[in-house]
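The sequence lines fix the lettering, A, B, ..., with proteins before strands; numbering per chain opens at 1.
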Number of protein chains: 2
Amino acid sequence: MDKMQNLSKNQQIIFDLIDKSSEPMKAYSILHNVQKKGIKAPLQVYRALDKLVEIGKIHKIESRNAFIACHNSSCQVSKATAFSICEICKKVTEISSASLSKYLTNFKDKDGMKYSKYNLEFFGLCKKCR
Amino acid sequence: MDKMQNLSKNQQIIFDLIDKSSEPMKAYSILHNVQKKGIKAPLQVYRALDKLVEIGKIHKIESRNAFIACHNSSCQVSKATAFSICEICKKVTEISSASLSKYLTNFKDKDGMKYSKYNLEFFGLCKKCR
DNA sequence: TTACATAGTGTTATAATATAACAATTTAAA
DNA sequence: TTTAAATTGTTATATTATAACACTATGTAA
């Protein structure tokens, strides 16, 4: 199951909305925005979100309970994500740094354990808000 | 405001509970456990949790909406956290790696921005579950 | 084509997580 | 000791997310 598959009707509607948004969107905000397209219930939104996250088209910003389209074209699946979050304007940007992802993918803990997945959220002030 | 300050009554009750727990605790589970001590309402729990997070005595595991006591005695404030999370048994461990924290603290994004705070959650299988 | 499995949809109800607003009390400093 | 800041108690409500069930569409293998 990869990014190239066709999305279902609800998945496409919801992905298009998130993809057009300049900021992460919350589930109920998505719901309000797609009610005119016939998506009436929270569960319809959450199901589409779950699938979109699973196939890596969107990511969840855990600290915000919000969803953002993936802008890292090289990642087929959503398993190694990093974001910067501005604490003033709340702008969220996906970080795609080869050296960062290499460092984290190869990171071993005390017991020598490596981890296949990670999510990293950086907080600070963006350029505009400094 | 640092870790050494005295905690208030509710803060102490709730910290003790989380600190004794072998796994991250959720807010309403905490509530159920402290009702016999006179803490009756969600807000009383959330207020104590907010404060404990602020002063670095506990951390929130964002991907789980759960709270864990800080086991990294060197961190006075909760601003740079890293955890490993087992996807089977759900065990969460705080990672205290000087090289990891150094790498992330010094990480600069494309624009040269550095970030004062971060939260990193690794997912994989722990030793027991492999 | 038929049948069969898998994925997706629609719907109602409800669970789980978190905050608003207001009044009272305690604590710690000036 | 009086004043400011932090904490508490309380009710109500907002926000985020899932359970359960019935039905429909889609792809695939016989």
Notebook entry, point to check: Counting only side-chain N and O atoms of A:Lys51, is one of them less than 4.0 Å from OP1 or OP2 of C:dG8?
Noted result: yes
Notebook entry, point to check: Is the distance from OP1 or OP2 of D:dT10 to the nearest side-chain N or O of B:Lys40 less than 4.0 Å?
Noted result: yes
How would you list, by chain and number, every residue that makes a side chain to side chain donor-acceptor pair (under 3.5 Å) with [X], sequence neighbours excluded?
| X | result |
| --- | --- |
| B:Thr105 | none |
| A:Asp50 | none |
| B:Gln35 | none |
| A:Ser97 | A:Ser99 |

Next item on the list: Share the residues that join B:Tyr115 in a hydrophobic cluster, the rule being Ile, Leu, Val, Met, Phe, Trp or Tyr side chains under 4.5 Å apart at the heavy-atom level.
Entry: A:Ile95, A:Leu100, A:Tyr103, A:Leu104, A:Phe107, A:Met113, A:Tyr115, A:Tyr118, A:Leu120, A:Phe122, B:Ile95, B:Leu100, B:Tyr103, B:Leu104, B:Phe107, B:Met113, B:Tyr118, B:Leu120, B:Phe122
Item checked: Cluster companions of A:Ile88 among Ile, Leu, Val, Met, Phe, Trp, Tyr (side-chain spacing under 4.5 Å) -> A:Leu125
Tell me which nucleotide among [options] gets nearest to the side chain of [X].
| X | options | answer |
| --- | --- | --- |
| A:Gln44 | C:dG8, D:dT7, C:dG10 | C:dG10 |
| B:Asn65 | D:dT18, D:dT10, C:dA18 | C:dA18 |
| A:Gln11 | D:dA17, C:dG8, D:dT11 | C:dG8 |
| B:Ser8 | C:dT19, C:dT9, D:dT8 | D:dT8 |
| B:Tyr46 | C:dA20, C:dG10, C:dT17 | C:dT17 |
| A:Pro42 | D:dT10, D:dA17, C:dT19 | D:dA17 |
| B:Lys60 | C:dT12, C:dG10, C:dA18 | C:dA18 |

Next item on the list: Take the C1' atoms of the five end pairs on each side of the helix from C:dT1-D:dA30 to C:dA30-D:dT1, get both axes, and report the angle to 10 degrees.
Entry: 40°
Notebook entry, point to check: Between B:Ala48 and A:Arg47, who's closer to the 5' end of DNA chain D by nearest nucleotide?
Noted result: B:Ala48
Notebook entry, point to check: Between A:Glu121 and A:Asn119, is a side chain to side chain donor-acceptor pair (under 3.5 Å) present by the stated rule, with each step listed?
Noted result: CA-CA 7 Å; A:Glu121 298 178 12; A:Asn119 180 56; 2.9 Å; yes
Separation of [X] atom [atom1] from [N] atom [atom2], in whole Å?
| X | N | atom1 | atom2 | result |
| --- | --- | --- | --- | --- |
| B:Gln12 | D:dT7 | CD | P | 13 Å |
| B:Asp50 | D:dT8 | CG | C1' | 14 Å |
| B:Leu49 | D:dT8 | CG | C1' | 15 Å |
| A:Leu43 | D:dC21 | CG | P | 14 Å |
| A:Asn6 | D:dT26 | CG | C1' | 12 Å |
| B:Arg64 | D:dA17 | CZ | P | 14 Å |
| B:Lys37 | D:dT8 | NZ | P | 15 Å |
| A:Leu7 | D:dT26 | CG | P | 14 Å |

Check: What's the shortest heavy-atom distance between A:Lys108 and A:Lys114, and which atoms?
Finding: CG-CG, 3.4 Å
Checklist line | Check against side chain to side chain donor-acceptor pair (under 3.5 Å), B:Ser63 and A:Glu62 | finding: CA-CA 6 Å; B:Ser63 63; A:Glu62 294 286 355; 5.5 Å; no
Checklist line | Residue list, salt bridge (charged side-chain N to carboxylate O under 4.0 Å, His left out) with B:Glu87, at least two apart or on another chain | finding: A:Lys117
Item checked: Close approaches to DNA chain C from residues 16-34 of chain A, in residue order (heavy atom, under 4.0 Å) -> none
